Asker: 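I am attaching a structure below and will ask some questions about it afterwards.
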Amino acid sequence: MDILDSQRTDELATLLALAEQGSFAAAGRSLGRHPSVLSKRMQALERRLGVRLVERTTRQLHFTSEGLRLVEKVRQASDLIREAEQEAAQGAQETQGRLRLSIPASMGRRWISPMLADFSLAYPEVVLEVEYSDRIVDIVGERFDAAIRIGHLSDSRLVATRLCDQYRLLCASSSYLERHEAPDRPADLVRHNCLGYTGLLDFPQWRLVQPAGKKVASVAESVRVSGSILSNDNEALLHAAIKGVGIIAGSDWHLMPSIHAGELVRILPQWTLGEAGGIYLVRPSGQYNTGAMKAFKQWVTEAFAAAPWRPADR
């Protein structure tokens, strides 16, 4: 039987009420129970422990020495539980405690690490435990407080906050385009050296989408590409693309800085690789968040709203 099951807690509550009120009648009034109910609870407690706790007469009630010792210990335990509840309630208001976060590896290293450093400086009482990984963690089962997810969400158990849009584009360096004529349509990619990210679910297929316009429905074309470098690391492919090895397809947050720096040029600008998605903060629950979680949600929402990789007009 668990120490905190309802039967045991009722028995111990009866014990404390008897010690404080001095009679079954008064204890019954304080607990909202008939005195006969409390008498049965005390009998059950004594039977379970195998010791007499209370001596009863028709007019008086006296605790035995064993009963008095138990009352003192239960009071101490009750005080500890009350303190724990107060600390938990206080944690919902104060920005302190620990946050366990799951962050995508590539984006985390490039963009989120500086955000977390700034957050830590602003909230030094919060301890951040951060796992950088491209695997999709089980937030509930692995006891994460929150995670950043990219793309499309499927886990309905999670509460998601959309931080910003995200889409994949195609780029190449000027040196590559000087040696190879830029593609005019998706089908032209079969004649190009396309750097392959093996982490894509449909690799080596590139599904290109032209978003719908005011009078035009969206169009999608799939092309089976090939290239001289395949990798599960986008950063390695980015270095190769900048060097002029081939065409890269990647997220805007990954490629836009190189476009702004003049290292890459966007090709097939009317097309994206797959449909546009989003970047999300996901949490197990939207209720009863700690003060630390509330502060982090507000912080990361504001940080992504001003994400420097987002162009005003793509």
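One-based numbering along the sequence shown. This is a predicted model, so every value here is computed, not measured.
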Asker: Sequence neighbours left out, what passes salt bridge (charged side-chain N to carboxylate O under 4.0 Å, His left out) with Glu142? Give chain and number order.
Answerer: Arg135
Asker: Tell me every residue that passes salt bridge (charged side-chain N to carboxylate O under 4.0 Å, His left out) with Arg224, counting only those two or more places apart in sequence or in another chain.
Answerer: none
Asker: At their closest point, which heavy atom of Ile267 faces which heavy atom of Pro183, and how far apart are they?
Answerer: CD1-CG, 3.9 Å
Asker: Going by atom types only, do Ser113 and Tyr132 share a side-chain donor-acceptor pair under 3.5 Å?
Answerer: yes
Asker: Among Ile112, Leu116, Leu281, Val300, which residue meets the side chain to side chain contact (heavy atoms under 4.5 Å, CB included) test with Leu101?
Answerer: Leu116
Asker: Any side chain to side chain donor-acceptor pair (under 3.5 Å) involving residues 193-206? Give me the pairs, sequence neighbours left out, ordered by first then second residue.
Answerer: Asn193-Ser228
Asker: Who passes side-chain hydrogen bond (donor to acceptor under 3.5 Å, both in side chains) against Arg207, sequence neighbours left out?
Answerer: Glu275
Asker: Got a sec, which residues hit ring-ring contact (aromatic ring centres under 6.0 Å, His included) with His180, two or more places apart in sequence or on another chain?
Answerer: Tyr176
Asker: What about Leu61 and Val51, same hydrophobic cluster or not, with Ile/Leu/Val/Met/Phe/Trp/Tyr joined at side-chain heavy-atom distances under 4.5 Å?
Answerer: yes
Asker: With sequence neighbours excluded, what pairs up with Gln298 under the side-chain hydrogen bond (donor to acceptor under 3.5 Å, both in side chains) test?
Answerer: Glu302
Asker: Can you confirm whether more than 12 heavy atoms, excluding those of Arg110, are under 6.0 Å from its CZ atom?
Answerer: yes
Asker: Considering residues at least two apart in sequence or located in another chain, which fulfil the ring-ring contact (aromatic ring centres under 6.0 Å, His included) criterion with Phe119?
Answerer: Tyr123, Phe296, Trp299
Asker: Got a sec, which residues hit salt bridge (charged side-chain N to carboxylate O under 4.0 Å, His left out) with Glu46, two or more places apart in sequence or on another chain?
Answerer: Arg52, Arg56
Asker: Restricting to side-chain hydrogen bond (donor to acceptor under 3.5 Å, both in side chains), what partner residues turn up for Ser102, sequence neighbours left out?
Answerer: none
Asker: Kindly write out the residues that satisfy salt bridge (charged side-chain N to carboxylate O under 4.0 Å, His left out) with Arg98, not counting sequence neighbours, or none if the list is empty.
Answerer: Glu129
Asker: Please enumerate all residues that pass side-chain hydrogen bond (donor to acceptor under 3.5 Å, both in side chains) together with Arg185, with sequence neighbours excluded.
Answerer: none
Asker: Only pairs under 3.5 Å count here: list side-chain donor-acceptor contacts from residues 17-26, not counting sequence neighbours, and write none if there are none.
Answerer:
from  : atom 1 : to    : atom 2 : distance (Å)
Ser23 : OG     : Ala26 : N      : 3.1

Asker: For the residue pair Tyr280 / Arg149, report whether a side-chain donor-acceptor contact shorter than 3.5 Å exists.
Answerer: no
Asker: Can you tell me if Gln76 has over 12 outside heavy atoms packed within less than 6.0 Å of its CD?
Answerer: yes
